[in-house]
Student: 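Before I ask anything, here is the structure I am working with.
Keep in mind that what you see is a predicted model, and the values were worked out from it rather than measured.
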Amino acid sequence: MKKIAVIGCGAAGMMAALAAAESSASVTVFEKNEKPGKKIYITGKGRCNVTNACDVTDFFGHVKRNPRFLYSAVYGYDNSAVMDFFENNGCKLKVERGDRVFPVSDHSSDIIRTLYNAVKKAGVKVIFDTEVLSVESSGGVVSAITYSKKGDPITREEFDGVIVCTGGVSYPSTGSTGDGYKFAKNLGHSLVKPVPSLVPFVIEEDWCKDLQGLSLKNVGLKLFLSQKEEKEKPAGKKKKADKPVYDGFGEMLFTHFGVSGPLVLTASCHYEENVKARLLLDLKPALSEEQLDKRILRDFEGAINKQFKNALGGLFPTKLIPVMINLSGIDSEKAVHDITKEERLSLVKLIKSVPMTVVGTRNFNEAIVTRGGVNVKEIDPSTMESKLVKGLFFAGEVLDIDAETGGFNLQVAWSTGRLAGESAGMNG
């Protein structure tokens, strides 16, 4: 019987442990926290967005880095398999807008409990409050780990296989402090620089702070990146129209530092450091500029003798009105009947594309996932085993894979964890 160590009792770790145990291996999970699934507990605002019920072929379009690496893992254990697992183990699920899957109870604790019970039922040994200090290899084969339970001396124990499921460095309070990167580097693996992803944007414009707490629904958001200043075009050559790297629709929130909310978090997947970045916010995405102009004309006709500042209540939330007046450049006390066609059309363009300058993202404490991690070129995608050290496996967020919001990142954890556990537990 193979003896397997799993480092980390999160989504990938528990799924890996279960799969290895079902392959008749003797499995021990080492977790430095006092309980399982600390990060699962806070996902989906405490509801746990288990997976996404989209067609599997569409799934890969939502993975931003290295989607092809996941083909074997995801096709081997897809979203339907994940949903079946939880349903068959007594945790009923529901599908919401955007094909997002949640437990019917809306409690992430039910997902953790269901998974942990299955792990224990499979005979897996789980040791909490225990930090793995190193992973050892001999002759290119994994051989042992060293670990320490709080207050106890360091223990060295030999294993036939080790599955690293330590997560990235996002939400470090959950125990994701980059331990897996250290193990990987010490065993010869290279890392793609970890950076925050699914994270709020810091905005340069001060007016954002004036809108702190304002939530906008059903708005459009585009993210533009420019590597460097464009060279002057030769005379007669037209400048290419900017193409957004992200164009989405949904909900966002203004904060004391900039913008957040689902729309912004998804846009952050496409953000790159050290490039100029700007956002264009469309406050009325359902209307064309022509339709919006007609709408404003109707509003203005009904407020023909009012001041400009008192004619915008039907267009914007109260908190947004002074900001939009300021950005429009139209005198707030100007009578509506004195507003020129040019000023009105300029207002239309502003409403359809409110500009914001992105100066960066918030840090790992506020990032849902980590972009970067163990270089997948050094991992066998058909087994999740290291190409450098036999018997060493990686699964979940520790790998250089990240996806959009909507349950896609947890599906990556389930799929890679399952494949790593099955592969590690196989005889041979």
Side-chain angles (χ1 to χ4, degrees), residues 200-226 241-268 270 276-359:
F201 282 135
V202 179
I203 300 298
E204 185 177 274
E205 286 79 9
D206 285 335
W207 57 260
C208 276
K209 299 177 183 66
D210 299 333
L211 297 175
Q212 180 179 345
L214 176 65
S215 178
L216 297 176
K217 293 183 177 179
N218 303 320
V219 294
L221 191 70
K222 293 177 181 176
L223 172 66
F224 295 84
L225 302 178
S226 52
D242 253 352
K243 278 192 177 177
V245 294
Y246 173 74
D247 185 351
F249 171 85
E251 186 177 344
M252 63 172 282
L253 171 74
F254 288 97
T255 69
H256 66 284
F257 55 77
V259 288
S260 187
L263 200 50
V264 172
L265 298 183
T266 300
S268 74
H270 305 261
K276 289 190 171 186
R278 61 192 175 93
L279 295 170
L280 289 181
L281 168 63
D282 185 348
L283 293 166
K284 303 290 178 186
L287 301 177
S288 66
E289 286 192 9
E290 187 181 348
Q291 290 168 327
L292 180 57
D293 186 36
K294 286 178 181 174
R295 158 78 190 276
I296 292 172
L297 269 171
R298 283 199 307 272
D299 284 7
F300 279 7
E301 282 166 8
I304 199 75
N305 294 314
K306 288 185 179 179
Q307 292 178 322
F308 180 51
K309 65 183 179 184
N310 297 322
L312 300 173
L315 278 173
F316 312 121
T318 305
K319 204 169 188 176
L320 187 57
I321 290 173
V323 169
M324 293 301 290
I325 289 172
N326 189 43
L327 292 175
S328 75
I330 302 170
D331 184 346
S332 66
E333 298 190 357
K334 191 170 189 176
V336 168
H337 59 71
D338 287 335
I339 292 173
T340 66
K341 181 181 178 182
E342 289 70 27
E343 286 175 323
R344 194 186 72 244
L345 293 177
S346 175
L347 177 64
V348 167
K349 289 194 179 298
L350 174 65
I351 293 169
K352 294 293 289 178
S353 55
V354 181
M356 290 175 273
T357 308
V358 179
V359 293

Student: About how many Å separate CD1 of Ile351 and CG of Leu292, when rounded to the nearest 0.5 Å?
Tutor: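 Going from the CG atom of Leu292 to the CD1 atom of Ile351 covers 4.5 Å.
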
Student: With side chain to side chain contact (heavy atoms under 4.5 Å, CB included) as the test, would you mind laying out the steps for Leu315 and Arg295 before giving the verdict?
Tutor: CA-CA 9 Å; Leu315 278 173; Arg295 158 78 190 276; 4.0 Å; yes

Student: With a 4.5 Å cut-off on side-chain heavy atoms, are Val359 and Phe257 touching?
Tutor: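 No - every pair of side-chain heavy atoms lies 4.5 Å or more apart.
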
Student: Mind listing the closest non-hydrogen atom pair of Ser215 and Glu251 along with its distance?
Tutor: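 Shortest heavy-atom contact: OG-OE2, 3.4 Å.
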
Student: When rounded to the nearest 0.5 angstrom, what is the spacing between CG in Leu345 and CD1 in Ile296?
Tutor: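 Separation between the atoms: 8.5 Å.
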
Student: Identify the heavy atoms of Gly220 and Pro285 that sit nearest to each other, and give their distance.
Tutor: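 Closest approach of Gly220 to Pro285: N-CG, 3.7 Å.
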
Student: If you draw a 6.0 Å radius around NZ in Lys209, do more than 12 non-hydrogen atoms from other residues or ligands fall strictly inside?
Tutor: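 Yes, because the 6.0 Å sphere around NZ of Lys209 holds more than 12 heavy atoms from other groups.
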
Student: Hey, is Lys222 close enough to Asp242 for a salt bridge, meaning N to O under 4.0 Å?
Tutor: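 Between Asp242 and Lys222 there is no salt bridge, as every charged N stays at least 4.0 Å from the carboxylate O atoms.
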
Student: Quick one, Pro317 and Leu214 - any side-chain contact, counting heavy atoms below 4.5 Å?
Tutor: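 Touching, per the 4.5 Å side-chain cut-off.
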
Student: How many angstroms lie between NZ in Lys309 and CG in Asp331, if you round to the nearest 0.5 Å?
Tutor: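 If we round to the nearest 0.5 Å, Lys309:NZ and Asp331:CG are 9.0 Å apart.
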
Student: Kindly give the heavy-atom pair with the smallest separation between Leu211 and Phe254, and that separation in Å.
Tutor: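 What the structure gives for the nearest pair is O-CB, 3.2 Å.
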
Student: State the CD1-CG distance between Ile304 and Asp338, to the nearest 0.5 angstrom.
Tutor: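 Result: 9.0 Å between the selected atoms.
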
Student: Do you know which of Lys284, Arg344, Lys349, Lys352 makes salt bridge (charged side-chain N to carboxylate O under 4.0 Å, His left out) with Asp293?
Tutor: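 Only one option passes, and that is Arg344.
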
Student: Ignoring hydrogens, what is the shortest heavy-atom contact between Ser328 and Phe308? Give both atom names and the distance.
Tutor: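 Scanning both residues completely, I find the closest heavy atoms to be OG-CE2, 3.8 Å.
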
Student: Is the shortest heavy-atom distance from the side chain of Val358 to the side chain of Ile203 under 4.5 Å?
Tutor: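 Side-chain contact under 4.5 Å: yes.
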
Student: Considering non-hydrogen atoms only, spot the tightest contact between Phe201 and Ser268 and give its length.
Tutor: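 It is CZ-CA, 3.6 Å.
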
Student: Once you round to the nearest 0.5 Å, how far does CZ of Phe316 lie from CG of Leu216?
Tutor: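 Between Phe316 CZ and Leu216 CG, I get 10.5 Å after rounding to 0.5 Å.
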
Student: Hey, are the side chains of Leu279 and Pro355 touching, using non-hydrogen atoms and a 4.5 Å cut-off?
Tutor: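 No, side chains not in contact.
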
Student: Could you walk me through whether Met324 and Trp207 pass the side chain to side chain contact (heavy atoms under 4.5 Å, CB included) check?
Tutor: CA-CA 10 Å; Met324 293 301 290; Trp207 57 260; over 6 Å; no

Student: If we ignore angles and hydrogens, is there a donor and acceptor under 3.5 Å between the side chains of Glu205 and Thr357?
Tutor: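 Checked: Glu205/Thr357 side chains pair up, N/O donor to acceptor below 3.5 Å.
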
Student: Do you know which two heavy atoms are closest between Pro244 and Phe224, and how far apart they sit?
Tutor: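 Heavy atoms of Pro244 and Phe224 come nearest at N-CE2, 3.6 Å.
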
